[in-house]
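These notes are about the structure you will find just below.
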Amino acid sequence: MAFSILIADDSSTVRSMVARTLTVAGVPLGKVFAVSDGSEALSVLGQNWVDLVLLDINMPRKDGMEVVEAMTADDILKTIPVVVISSDVSPAKIARLKRAGVKAFINKPFTPESVRDTIKATLGGWSNAGVSPDAL
Amino acid sequence: MQEYLRTLYEVAEECLRIAAFSYASETDSTVSDCPPEEELLGSRIDFAGPIQGSISLLIPLDLATSLAANMTAQDESDPDTAAKRPDAVAEILNMICGRFLPRVRPDARSFSIGIPRSETQEELRFDARQRPVEGSLPDGRLCLDIDVEGYPARLAITAG
């Protein structure tokens, strides 16, 4: 099974890092969408099916919190799991995001293992048949 | 405030190692030792909350190239790597700031962390010329000079 994933972060460096980490971590990938702000994220979600959203919080033109709230308010989008990837994971923000429905948090900087384990837990796992464990 | 420098060093070392596969160590050399014609890159972030102030990172351009290449798994000679340098520096500083603040104030519920902003070559050269005395710059900022893969790097903070 291949997952379609949306990466939303205003840093082009981070978008590259996350995309590469998904591959290194052995996540079976279908389409990977990468956007730089919350408005673009919602636009992609409105036009494409996505299995998982990896979301930064501090972004221009709708921040991560606004994206989460918009998704929660939509009957279809609210079923898509959201994982926040951020350097700012203060307790108050985490609590607010959890109340809004965010499934998990990954703190920057992240390791491939932390990304793999968090996404596996969020999506309920996948089969890596044919992939050597050494690759992870 | 001096204990901030120890924490800042630990956080910077972690972020550089994990995000950019680059090793940092304490050093006696500083960006002030860079030749005047050497290009520099820098970024600054303002923050507010139980403590407020700013944190900045200043490094030579060649180190920025190395960090950008490592973070994106691209070749240093790739033109896209050069284009990503300012963003890579800003993001490393963003990570450092995000880890540093809760470590020095674990009791804090929340901080407001600003968007990283780039500094001009004039601002960078002015900053680079300042030599710290016992960890403080003439303008009062705390200063941490470290070695990153053989290059000098400077972190400076104001916090109160």
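By convention in this document, chain letters (A, B, ...) are assigned in the order of the sequence lines, proteins followed by strands, and residues within each chain are numbered from 1.
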**Message:** Counting neighbours of CZ on B/Arg103 that are heavy atoms of other residues, nucleotides or ligands and sit closer than 6.0 Å, is the number greater than 12?
**Reply:** yes
**Same cluster (ILVMFWY, side-chain, under 4.5 Å), B/Ile146 and B/Leu41** = yes
**Smallest separation among heavy atoms of A/Ala92 and B/Ser110, with atom names** = CB-CB, 3.8 Å
**Request:** For residues 65-121 of chain B, pull every pair meeting ring-ring contact (aromatic ring centres under 6.0 Å, His included), keeping only residues two or more places apart or in separate chains.
**Result:** B/Tyr4-B/Phe100
**Request:** Could you tell me which residues satisfy side chain to side chain donor-acceptor pair (under 3.5 Å) with B/Glu39, sequence neighbours excluded, listed by chain and number?
**Result:** none
**Request:** Sort by residue number and list every member of residues 12-21 of chain A having a non-hydrogen atom under 4.5 Å from chain B.
**Result:** A/Ser12, A/Thr13, A/Val14, A/Ser16, A/Met17, A/Arg20
**Message:** How close do A/Ala95 and B/Arg109 get, counting heavy atoms only, and between which atoms?
**Reply:** CB-NH2, 4.4 Å
**Message:** At a heavy-atom distance under 4.5 Å, which candidate from B/Gly49, B/Ala73, B/Pro102, B/Gly114 has the highest pair count against chain A?
**Reply:** B/Ala73
**Prompt:** Is there a path from B/Ile157 to B/Leu124 through hydrophobic residues (I, L, V, M, F, W, Y) whose side chains come within less than 4.5 Å of each other?
**Reply:** no
**Fill in**
Looking only at A/Ser11, A/Ser87, A/Pro109, most heavy-atom pairs under 4.5 Å shared with chain B are made by A/Pro109
**Prompt:** Which of the residues B/Asp87, B/Ile18, B/Asn94, B/Thr72 is involved in the greatest number of heavy-atom pairs with chain A at under 4.5 angstrom?
**Reply:** B/Asp87
**Item:** Transitive ILVMFWY side-chain link B/Met95 to A/Ile106, under 4.5 Å
**Value:** yes
**Message:** If I measure from the heavy atoms of chain A, does B/Asn70 come under 4.5 Å with its side chain, its backbone, both, or neither?
**Reply:** backbone
**Interatomic spacing from OG in B/Ser112 to CG in A/Asp88 - rounded to 0.5 Å** = 8.0 Å
**Asked** Can you check side-chain contact (heavy atoms from CB on, under 4.5 Å) on A/Lys108 and B/Arg99, steps first, answer last?
**Response** CA-CA 8 Å; A/Lys108 292 176 186 173; B/Arg99 282 204 170 195; over 6 Å; no
**Prompt:** Out of B/Gln74, B/Arg17, B/Lys84, which one racks up the most heavy-atom pairs below 4.5 Å with chain A?
**Reply:** B/Lys84
**Item:** Neighbours of chain B found in residues 49-85 of chain A - heavy atoms under 4.5 Å
**Value:** A/Asn58
